[in-house]
Amino acid sequence: MTWASSKVGKRITQTGTFLRRELWVWPIFAVLLLAVVGVSVQQAIRSTIKQNLGSGLQTLLSIEVAMLEAWFRVQESNAESKANDKRVRELVESMLAGDAVANSGTTPVTDIQLSLAEWNQELQRELSPLMGSHDYEGFHVIDKSDRILGSSYPAVVGRTGVPEYEAFLTRVFDGETVVCPPFPSVVMMEDAAGKLRAGLPTMYVAAPIRDSDFQVIAALALQIRPEREFTRILQLGQFGSSGETYAFDSTGMMVSNSRFDEDLILLGIIPDHEHSKSILGVHIRDPQQDLTQGFRPSMRRSAMPLTRMAQDAIAGNSNMDLDGYRDYRGVPVVGAWNWLSDYQMGVATEVDMAQAFRPLTILNWAFGILYGLLAMSSLGIFVFSLLLARSKREAQKAEIEAQQLGQYTLSEKLGSGGMGSVYIGHHAMLRRPTAIKLLDVEKMNDLAVERFEREVQITCQLNHPNTIAIYDYGRTPEGVFYYAMEYLDGLDLQTLVDDHGPLPEARVIHILLQICGSLFEAHTRELVHRDIKPANIMLNRRGGVPDVVKVLDFGLVKDRDPTKAAESGDRGLVGTPLYMSPEAIQSPLSVDARSDLYAVGAVGYFLLTGEPVFAAKSMSELIRMQVDEQPRPPSTRTQQPISD
């Protein structure tokens, strides 16, 4: 196994251990996973809904347009049939001839008027069967000078240049048969209450009347009430609670009825009259905000821009918008539209976005509730974990304060270090004094526990008399990690020199030989201590023999085998800078036994002089001196003689 694969395996193991211990992390993972899945599902569902919605809108619009065009063709066929009828052509030619005679002044006007009235009645009788069977409201016969020669409305006979008729008459005199969009009527018509008035919605189908030379001599216009068949066809496009299909002309005026007439009255879009209708009463304009939500515009409706749909359609486009736009009420809608250039009108099918995407809204609510529940669960488990951890720490502290640790009774605290504290303890059976090292409760984490265990495991492998002996290792039910080692009643070299000054060279040699003996065993096992310093070396009395050295603290030991070295988890600067070798500062991963020997030399320097090798005012200066400067000879830093 390579060093890299060992490192990866160790990280996986650490991750697995973390996940097993930190249960509160799982709900967070679940929330994140659900969020990712939820976003993907929502996007997929939204895409599917948009595709189905677009297909449905386009299909409905196509059906509505096809029905309208079929109805238009029927109207055109009816008008063409009658305009080409022999008797109708004869009557129109007679009316034109009589009108010409009247204008010449050769015949009394009264006689001509009587003849024209008779021909008009004859024409009305000729057209009555068609008008009755197809529900036409009336008719006009108009010559090429835009003069009404005959009509079912006698009051308008003889009238010339009606502006409302010019748009479709121009095309008719060019030989086309035309169905015009609805517009306000010029003639008096009965409203829903039976009262005669002008301005009611009307539309015409008009066909050219030709003479024997196939020249257009007049136009036959059949009057249609759009609220009957025309609007009814469009009202078939209503679906759901908000879907509707309507028509509009080139000015953006609605020329069919909206399904929201009552709402439009309440919103002030159409006047509050008994027979108010949206047909010819609503401009397809964007109020910029949703009127149904209480918004009231600050501009007149005539100053508002046309809706995005109306602008695009009037420009001659047939299109669809599934991302949403505002309709004439300001409500966000989706829609499809066609512009019928032959009839100079557009047809749109629209539905409120709220209805169109309601399944997605429900799904969003469902995911939101799930996110909320999982977030609350995560928070609850996290709080519970914190309380449990606090309770566990308190139990661990209580256990230590109770001076009882498994089989060991604690008495006096000897000191504390970077990882934990050391107490004097007595085994329940053996009764001998023992040093008990406890992992600090406040610093307990995976890395600290791993180092603590590693220190015990490595030190247990060493049995040199100058290496501290390990008796026991364990963890209490409350989770306090500890190990028991031989009790040392001496003092460390740092304290010795601080209290009594430099040592004579013979004693220094005696101490250094013992340190080297302990390290020799470690080095032969491919282990590097990495933290040799005066504070980690104890002088003791054993069996009446003074100055017996014990090397302590193998917590930072490094295995020189590269396949095992990564297990220490140390990647940066490790050790005490005052006693570190230059390579331990420059390349921590490359240190070997020689770095320990450098540290032993630095300890000897300290024992002889009472001072470390380098004296610096800051850590950065100390590290620079360790790497770049030569140490001063010990003899120049002490008053006692030192042999070469």
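Computed from heavy atoms alone, side chains included, the values below leave out hydrogens, waters and symmetry copies. Sequence positions, counted from 1, serve as the residue numbers for this chain.
By the 30° and 60° cut-offs, the orientation of the rings of Tyr153 relative to His140 is tilted.
Two residues are said to be in side-chain contact when any heavy atoms from C-beta on lie closer than 4.5 Å; Arg225 and Phe230 fail this criterion. In this structure, Glu176 and Pro208 have side chains that are not in contact, with every pair of non-hydrogen atoms separated by 4.5 Å or more. The side-chain heavy atoms of Pro305 and Gln288, taken from C-beta on, include a pair separated by under 4.5 Å. Residues Glu190 and Arg197 are not in side-chain contact: their nearest non-hydrogen atoms beyond the backbone lie 4.5 Å or more apart. Here the side chains of Leu222 and Leu130 are in contact, with some heavy-atom distance below 4.5 Å. Side-chain contact check for Ile217 versus Glu93: some heavy-atom pair is nearer than 4.5 Å. The side-chain heavy atoms of Val157 and Leu149, taken from C-beta on, include no pair separated by under 4.5 Å. Two residues are said to be in side-chain contact when any heavy atoms from C-beta on lie closer than 4.5 Å; Asp321 and Val334 fail this criterion.
Note on Arg228 versus Glu137: salt bridge recorded, some NZ/NE/NH1/NH2 to OD/OE distance being below 4.0 Å. Note on Arg87 versus Glu90: salt bridge recorded, some NZ/NE/NH1/NH2 to OD/OE distance being below 4.0 Å. Salt-bridge formation is detected for the pair Arg125/Glu122: a Lys NZ or Arg NE/NH1/NH2 atom is positioned less than 4.0 Å from an Asp or Glu carboxylate oxygen.
Neither side chain, Tyr246 nor Thr231, offers a donor N or O lying under 3.5 Å from an acceptor on the other. Between Asp312 and Trp337, the side chains place a donor N or O and an acceptor N or O closer than 3.5 Å (distance only, hydrogens not considered). Remark: the Glu80 side chain and the Thr177 side chain contain an N/O donor-acceptor pair separated by less than 3.5 Å. Side chains of Thr245 and Glu64: a donor-acceptor N/O pair is absent below 3.5 angstrom, by distance only. For Thr307 and Asp327, the side-chain atoms include no donor-acceptor pair closer than 3.5 Å.
Contact between Ala206 and Val172 at its shortest, heavy atoms only, is CB-CG2, 3.6 Å. Taking each heavy atom of Pro287 and Phe295 in turn, the nearest pair found is O-CE2, 3.3 Å. Contact between Asp146 and Glu166 at its shortest, heavy atoms only, is OD2-CG, 4.2 Å. The two atoms that bring Cys180 and Met203 nearest to each other are O-CE, 3.3 Å, heavy atoms only. For the residue pair Pro184 and Leu280, the shortest heavy atom distance occurs at N-CD1, 3.6 Å. Residues Gly252 and Ile314 come closest through the heavy atom pair N-CD1, 3.7 Å.
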Inset, instruction - Would you check, one step at a time, whether the test side-chain contact (heavy atoms from CB on, under 4.5 Å) holds for Met309 with Tyr325? - result: CA-CA 8 Å; Met309 178 280 297; Tyr325 59 91; 3.6 Å; yes
Inset, instruction - Could you walk me through whether Gln355 and Ser242 pass side-chain hydrogen bond (donor to acceptor under 3.5 Å, both in side chains), step by step? - result: CA-CA 7 Å; Gln355 177 187 334; Ser242 64; 2.5 Å; yes
Legend entry - Step-by-step side-chain contact (heavy atoms from CB on, under 4.5 Å) determination, Asp261 to Lys277: CA-CA 6 Å; Asp261 279 4; Lys277 297 292 181 183; 3.7 Å; yes
Legend entry - Check against side-chain contact (heavy atoms from CB on, under 4.5 Å), Val333 and Val351: CA-CA 5 Å; Val333 297; Val351 60; over 6 Å; no
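Judged purely by atom type and a 3.5 angstrom limit, Thr48 uses its side chain to pair as donor or acceptor with the backbone of Ala44. Side-chain N or O atoms of Arg301 include one that pairs as donor or acceptor with a backbone N or O of His283 at under 3.5 Å. Looking only at distances, no side-chain donor or acceptor of Arg326 sits under 3.5 Å from a matching main-chain atom of Gly330. Listed for the Asp211 side chain is a donor-acceptor partner under 3.5 Å among the backbone atoms of Asp213. A donor-acceptor pair under 3.5 Å links the side-chain atoms of Ser185 to the main chain of Leu200, judged by distance alone. Judged by distance alone, the side chain of Gln238 and the main-chain N or O of Glu244 form no donor-acceptor pair under 3.5 Å. Checked by atom type and distance alone, the side chain of Ser133 pairs as donor or acceptor with a backbone atom of Pro129 at under 3.5 Å.
Residues Tyr204 and Tyr165 bring their aromatic ring centres within 6.0 Å. Aromatic rings of Phe168 and Tyr343 (six-membered ring for Trp) have centroids beyond the 6.0 Å cut-off, not under it.
Within the cation-pi definition used here (under 6.0 Å to the ring centroid, within 45° of the axis), Arg329 qualifies as a partner of Phe260.
Here NZ of Lys82 is found 13.0 Å from CZ of Arg89. Values are rounded to the nearest 0.5 Å.
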